[in-house]
Amino acid sequence: MALHAEGEFKQSPSLFSRLTANRVKLYGSRHGTVASALFSAGIGLGLMLRLGRRTHRAGLLALLGRPGIAQAPTMPLPMADHAS
């Protein structure tokens, strides 16, 4: 896993929540059910210890599968070609 030391995810709740969800999803795809549950619990505990930060609150919401800021943004619809 690569991590940029000064990445925007530290200030953006949306990016941090996606990072959290993707970390848990990736770990779950490579490990068993028990290990994945323990990993998720550890990530959740770490997020709960830092609930004063809005990024960590968003990460916890993403981990719990709650809608809101933790959801990935929707993609805009492509523009139609205007041929004359």
Side-chain angles (χ1 to χ4, degrees):
M1 177 169 84
L3 181 67
H4 190 272
E6 297 297 323
E8 275 190 55
F9 76 93
K10 290 183 179 183
Q11 288 83 32
S12 171
S14 178
L15 290 177
F16 190 85
S17 64
R18 282 186 265 157
L19 174 72
T20 301
N22 286 337
R23 284 176 61 201
V24 171
K25 183 178 177 180
L26 179 64
Y27 190 91
S29 72
R30 296 180 178 181
H31 297 83
T33 305
V34 174
S36 297
L38 291 172
F39 181 77
S40 295
I43 294 292
L45 178 61
L47 293 170
M48 284 189 273
L49 291 172
R50 295 170 182 87
L51 280 178
R53 299 178 188 167
R54 62 188 179 110
T55 52
H56 289 78
R57 287 191 301 269
L60 186 59
L61 289 174
L63 186 64
L64 296 174
R66 303 284 179 145
I69 198 166
Q71 274 185 329
T74 58
M75 297 298 293
L77 297 173
M79 295 189 62
D81 290 315
H82 297 291
S84 358

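What's counted below: heavy atoms across the whole structure, side chains too, no hydrogens, waters or symmetry copies.
In terms of heavy-atom proximity, R57 sits nearest to L51 at NH1-O, 2.8 Å. Annotation for A62 and S17: closest pair CB-O, 3.4 Å, computed over non-hydrogen atoms.
Going from atom NE2 of H56 over to atom OG1 of T20 covers 7.5 Å, rounded to the nearest 0.5 Å.
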With a 3.5 Å cut-off and sequence neighbours excluded, list the donor-acceptor pairs that the side chains of residues 35-44 form with protein atoms.
{"residue": "S36", "atom": "OG", "partner": "G32", "partner atom": "O", "Å": "2.7"}
{"residue": "S40", "atom": "OG", "partner": "S36", "partner atom": "O", "Å": "3.0"}

Task: Verdict with supporting geometry, L19 and R23, side chain to side chain contact (heavy atoms under 4.5 Å, CB included) - done: CA-CA 6 Å; L19 174 72; R23 284 176 61 201; 4.1 Å; yes
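When each of L60, T55, L64 is checked for a side-chain contact (heavy atoms from CB on, under 4.5 Å) with L47, only L60 meets the rule.
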